[in-house]
Amino acid sequence: MSRNARPHLHGTELDALHAVLADGVFGHGPRTERFERELARFLGVADVVAVATGTAALHLALLAAGVGPGDEVVVPSQTFCATVQAVLATGAHPRFAEIDPDTLCVTAATVRAALGPRTRAVVPVLYGGRAVDLADLHELFDRRGITVVEDAAHAFGSHHGDRRVGGTGLLTCFSFDPVKNLTCGEGGAVVPRTPEDARRVRRLRGLAIDADHRDRARSTGYTVTGFGMRAHLPALNAALGLAQLAGFDLVADRRDRLWRAYRDRLGELALPDRVRLVDLDIDHTVPFHCVVRVPDRDRVFHCLQARGIGVGVHYPPNHLQPAFADWHTPLPVTEATGVEILSLPLHPALTVDDVDTVVTALHDVLRTTSGALP
Ligand SMILES: *Cc1c(COP(=O)(O)O)cnc(C)c1O
């Protein structure tokens, strides 16, 4: 309970890592490619490209979509700063979009309002793991040459209708960092729309060297075909990912049960002006976190921390960050919810009793909190 998030080990990870250490291929290798095939099978798609981090996945997916200097990319301000940094890494600029206060996700209406003449891409963030439906805008996007790049860092395992997030035909990016639903230690993946997307992302992740690791071992040279980055997924991380993927159902099930327990206990409190749960569409979502909105959030945060409860804040809005001040635009909903959001501890080591303890403590603190949610 003192941790807001932590990775879950299935017990197979040490053997998996030992096997990589013993066979001596630590970098990109056959295990990375096996991880890509297993991810593709899990998602029900033809191909997945594994990369070093979720941030690199977003950066490379945007580059593969042709985004560069002079372009603008629509992103919510309510996201981890990595989403915005990935946009800047391409040379493009962000256009911050507003969110729905009930889900903290962008909607078709808020994205449409944020579009500009130079918008080349839109990055919906699947906040908390919830799928974002922009289908109403797809015709407009096609007409204007706008690509959707999903930031699905929170949403591994979630569904969009009856298809997995990542399996709906969009360019989708996952993170496998230490606290994500699936972890590689550090890692990420791009789900390409086409073989051409896949070819571009593979080229960009591997310094744009034209030969793969097998060819390079057997030849005296190689050709560097253009700009490229060092953003492959090492075999050590892929081995962790393979072990985690094999046990994913258990993690998904525990996260689901804990989120539902929070929902039920919070519902019993019946303090609608003091605590509101951010909705996740739980029937389709593997929850990444459990976020509530409370008045006087900073005080509630410190009181719960003092009781040893690992609450967090995901995230301080980006349009208010000094680094992104050039692209500031007023976002009243994001600014209002930004000072209310509080993430309760959610990770597979917790029990339903722990959820009771957290909600009881939250109730105690809220009873003595002045003010109410608007
Ligand atoms: C974690 C995260 C990222 C970045 O992923 P890394 O693997 O940590 O680079 C991007 N966007 C969101 C919303 C995230 O939560």
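Since this is a predicted model, take the numbers as computed values, not measurements. One-based numbering, in listed order, for ligands and for the atoms of each.
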Going by the side chain to side chain donor-acceptor pair (under 3.5 Å) test, name the single residue among D279, T103, T285 that passes it with R130.
D279
Atom 10 (C) of ligand 1: closest protein heavy atom, distance to 0.1 Å, is D151 OD2, 3.6 Å
Carboxylate-amine/guanidinium proximity below 4.0 Å for R202 and D47
yes
Taking atom CZ as the centre, does R112 end up with more than 12 heavy-atom neighbours from other residues, nucleotides or ligands that are less than 6.0 angstrom away?
no
The atoms of ligand 1 lying under 4.0 Å from a heavy atom of G187, numbered in the order shown, are 7 (O)
Quick check on K180 - does any of its heavy atoms sit under 4.0 Å from an atom of ligand 1?
yes
Flag the pair D256 and R260 as a salt bridge only when some basic side-chain nitrogen lies within less than 4.0 angstrom of an acidic carboxylate oxygen.
yes
Any side-chain donor near an acceptor of the partner, T119 and R144, under 3.5 Å
no
For atom 7 (O) of ligand 1, which of the options G188, G54, A57, P178 provides the nearest non-hydrogen atom?
G54
Under 3.5 Å, is there a donor-acceptor pair linking the side chains of T368 and R299?
yes
Under a 4.0 angstrom heavy-atom cut-off, which atoms of ligand 1 come close to T53?
7 (O), 9 (O)
With nothing but distance in play, are any N or O atoms of T79 less than 3.5 Å from an N or O of ligand 1?
no
Salt bridge (Lys or Arg N to Asp or Glu O under 4.0 Å) assessment of R37 paired with E33:
CA-CA 6 Å; R37 289 194 299 275; E33 288 165 13; 5.1 Å; no
Please state which option from D177, V123, T83, T183 has its nearest heavy atom closest to atom 8 (O) of ligand 1.
D177
Centres of the H328 and F96 rings: under 6.0 Å?
no
At the 4.0 Å heavy-atom cut-off, does Y315 count as touching ligand 1?
yes
To check your reading of the model: name the closest protein heavy atom to atom 9 (O) of ligand 1, its residue, and the distance in Å.
T55 OG1, 2.6 Å
Note: heavy atom closest to atom 12 (C) of ligand 1, options A153, A82, A152, G128, belongs to A153
Polar proximity ligand 1 side, E186 side, N/O cut 3.5 Å exclusive:
no
